[in-house]
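Just so we're on the same page: letters track the sequence lines, and every chain starts at 1. Values below: every heavy atom of this structure, side chains too, minus hydrogens, waters and symmetry copies.
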Number of protein chains: 2
Amino acid sequence: MDELHGPFVRKLDALGPLQTADKIALAAIEADAKYVQSGTDLIRDDDRAEGMIVVLEGFACRYKRRKNGQRQIMAYLVPGDVCDLDALDLNRMDHAIGTLSNCRVARIKPDVVSDLRLRPAVIQALQTAARVDEATLRVWLVNLGCRSAVERLAHLFCELFVRLRSVGLVQGNSFLLPVIQYDLADTTGMTTVHVNRSLGALKRAGLIGRKGKHLTIFDMPRLMSVGEFQPDYLYARKQVGGRDHSLPNGTAGLTATDALIPV
Amino acid sequence: MDELHGPFVRKLDALGPLQTADKIALAAIEADAKYVQSGTDLIRDDDRAEGMIVVLEGFACRYKRRKNGQRQIMAYLVPGDVCDLDALDLNRMDHAIGTLSNCRVARIKPDVVSDLRLRPAVIQALQTAARVDEATLRVWLVNLGCRSAVERLAHLFCELFVRLRSVGLVQGNSFLLPVIQYDLADTTGMTTVHVNRSLGALKRAGLIGRKGKHLTIFDMPRLMSVGEFQPDYLYARKQVGGRDHSLPNGTAGLTATDALIPV
DNA sequence: CGTGACTTTGAGCAGATTCAAGTCTTGTGG
DNA sequence: CCACAAGACTTGAATCTGCTCAAAGTCACG
C-alpha cells in the first residue's frame with residue numbers, strides 16, 4: 001500500500017501514523033512538484049520565508065557560507081524530508097537551502113500549510129521530524145568535533161543508509177548518492193583531496209564501493225563500528241500513545257546485523 | 001526593575017515580553033533552586049526526562065561522550081538558560097547535561113511546567129529560546145566544520161559575551177568564564193594543549209586577557225572579525241506582533257562597536 | 001571525440017596532536 | 001594562616017593527520 005505513495009507520505013506516516021484522509025492531502029502536494037537543477041538555491045540566507053519545502057527526488061542540503069566562500073553543509077534533505085519555514089521565528093532564514101543534485105521539489109504555500117495544520121497526525125509527524133532533524137544536528141556536531149576523516153564518512157554513509165531505507169530508496173546494500181566529493185568535503189569539514197583518500201581507505205578496507213553515483217555498503221557491521229554509528233537518533237523511540245520503534249530483540253534502535261537486512 | 005529579577009526572568013522577558021504575573025510565576029521558580037557542584041550530571045544520556053531545568057548561576061553544558069571517553073560539548077547553558085525536557089519527543093535524552101562549574105540550578109516539576117504553559121507569553125518565550133538554541137547549534141557546526149583553532153575560540157568568546165550581557169553578567173568588557181581549558185577543548189574539538197597555545201595567540205595579539213576565571217575582551221571589533229562573529233542568530237529578529245530587535249543604525253543585529261558598549 | 005567537470009595521485013607543508021616535563025593556582029587540612 | 005597536594009596551566013620536541021598545490025587520469029554529455 002505504502003509503495004503507492006511518494007516519499008513524503010511514507011516518511012510522515014512512519015513518524016506519526018496518518019489517516020487515509022491525511023495521506024490523500026499529502027499526496028496532492030506530492031503531485032504538484034517541480035524539477036529543479038542541481039546547484040539551485042531553494043531558499044537563500046536572509047530570505048523571508050513562508051510555507052514549506054519538500055524534497056521528493058534527489059538530494060538538497062542546508063548550508064552556510066563563510067565570507068571567504070567556504071561552504072559548510074549542515075544537513076542533507078533526502079526524498080521525503082521537509083523544511084518547515086513557518087517554524088522559524090520571524091520567518092527569516094539564518095542559512096540557505098540548495099540542491100546537491102537535480103531534484104523534484106514541492107513548495108507548499110502558507111494557506112495549504114494552514115490546512116495541513118488542521119490535521120493532528122500531520123502536526124505530530126512534522127514536529128517529530130523537526131526533533132529528529134535537531135538530534136541529527138547534534139550528532140553531526142559530534143562527528144565534526146571528535147571523529148577522524150574516515151570515521152566521519154563512515155558515520156555519514158550509515159546515516160544516509162538508514163534514512164534512505166525508511167523511504168524505500170535502498171536496494172540491497174546500495175543506494176543512489178548523487179553528490180560529488182566536493183559536497184562530501186563541505187559536509188565533513190575536510191578537503192576534496194582528503195575525502196578522496198579517505199574514501200579510498202574505506203574501499204580498500206572492503207567496507208564500501210562506488211559505481212557511478214551508487215554507493216554500496218559491503219560490510220555494514222564494520223562500517224557502523226568504524227563510524228560509531230548508533231541509529232537511535234533517527235527514530236522516534238517512543239511516541240505518546242504512538243507505536244514503539246524498538247526492535248524485537250529488545251535492543252533499542254538498530255543493531256549491526258539488522259541494518260544489513262533490507263526492509 | 002529588571003535588575004530585581006534573576007537571569008531566568010530577564011532572559012524570557014527579553015525574548016517574549018512578559019506580563020507582571022508571568023514574572024512573578026517565574027520568580028517563584030528562581031527562588032526554589034539548589035546548589036550543585038562542578039562536574040555533576042543534571043541529566044544523563046538515555047534518561048527518561050520530565051519537566052525543565054534552569055541554570056541560575058554558573059555554567060552547565062549539553063554533551064555527548066564517545067565510547068573512548070572523548071567528550072563533545074554541544075551547547076553551553078549559562079544563567080537564564082533553560083532545558084525543556086518535555087519538548088523532547090519521547091522524553092528521552094540523546095545526550096547528557098552536566099555542570100562545568102558550581103551552579104545554582106532549579107528543577108521545574110512537570111505540573112509546574114504545565115502551569116507555566118498556560119501563560120501565552122511564557123510559551124512564546126520558551127519557543128523562541130528553543131529556536132535560538134537550534135540556530136546556535138548550526139553556528140557551532142560551522143565553527144567546528146570550517147574555522148581554525150583561533151577563530152573558533154574567538155567566535156565562542158564573542159557569543160558568550162553577547163549571551164551573558166543579555167542577562168547582565170558582563171562588567172565592562174569582561175565576564176566570569178568558569179570553565180577550564182579542558183572544557184574549551186571539548187567544546188572546540190581540539191586538545192587542551194592547542195587551546196592553551198591558541199589562547200596565548202589571542203592574548204599576545206592583544207584581543208583578550210584572562211585573570212583567574214575572568215575573561216576580558218580588549219578589542220571586541222577585532223575579536224569579532226577574527227571569529228567572523230555575526231550575533232544575529234542570538235536574537236529573535238522580528239517577532240510576530242512583538243518588538244523589533246534591530247538596531248537604530250539599520251543594520252540587523254549588533255555591529256562591532258555596539259558590542260563594546262556595555263548595556 | 002572533445003570539452004568540462006569530476007576523480008585520483010604525488011610531494012611538500014602546516015596545523016594540530018601526543019607525550020612529557022615543569023610551573024602556577026587553588027583549595028583543604030593541620 | 002601556612003603548607004601541601006591536587007588540579008590546572010604552560011612549554012618543548014617529535015609526530016601525524018589533513019591541507020595545498022599541481023598534474024594527470026576518467027567519465028559524461030553534447
Is the shortest distance from a Lys or Arg side-chain nitrogen in B:Lys64 or B:Asp45 to a carboxylate oxygen in the other one below 4.0 Å?
-> no

Residue closer to the 5' end of DNA chain C, B:Ser148 versus A:Arg210 (nearest nucleotide) | A:Arg210

Respond yes when some side-chain nitrogen or oxygen of A:Gln181 is under 4.0 Å from OP1 or OP2 of C:dT8, and no when none is.
-> yes

Between C:dA5 (P) and A:Gln37 (CD): distance, integer Å | 13 Å

Using a 4.0 Å heavy-atom cut-off across all strands, classify A:Gly39 as base, sugar-phosphate, or nothing.
-> nothing

Verify the contact: side-chain N or O of A:Asn196 to OP1 or OP2 of C:dT8, cut-off strictly under 4.0 Å; return yes or no.
-> yes

Residue met sooner reading DNA chain C from 5', once B:Arg152 and A:Tyr182 are mapped to nucleotides | A:Tyr182

Touch class at under 4.0 angstrom, heavy-atom based, for B:Thr192 against every strand present | nothing

Atom pair OG1 (A:Thr192) and CZ (A:Arg197), whose distance is rounded to the nearest 0.5 Å | 10.0 Å

Rounded distance (Å) that lies between atom P of D:dG18 and atom CG of A:Leu184 | 15 Å

Closest heavy-atom contact between B:Pro178 and B:Ser101?
-> O-CB, 3.4 Å

Starting at CG of B:Leu199 and ending at C1' of D:dT10, how long is that distance when rounded to a whole Å?
-> 11 Å

When you check the phosphate oxygens OP1 and OP2 of C:dA16, does a side-chain N or O of B:Thr191 lie under 4.0 Å from one of them?
-> no

Protein-nucleotide distance (B:His194, atom NE2; C:dA20, atom C1'), rounded to Å = 19 Å

Atom CG of A:Leu153 and atom P of D:dG18: how far apart are they, to the nearest Å?
-> 10 Å

Given the options A:Asp47, A:Ile53, A:Ile108, A:Leu85 meets side chain to side chain contact (heavy atoms under 4.5 Å, CB included) only with A:Ile53

Pick base, sugar-phosphate or nothing for A:Lys203, based on heavy-atom distances below 4.0 Å to the nucleic acid.
-> sugar-phosphate

SB check A:Glu228 B:Lys67 (cutoff 4.0 Å) | no

A:Met190 CE to D:dT20 P, straight-line distance once rounded to whole Å | 13 Å

Mind calculating the distance between NZ (B:Lys211) and P (D:dC9) to the nearest angstrom?
-> 16 Å

Could you state the CZ-P distance from B:Arg204 to D:dT11, rounded to the nearest angstrom?
-> 8 Å

Quick one: does B:Arg197 reach the base of C:dG15 with a side-chain donor-acceptor pair under 3.5 Å?
-> no

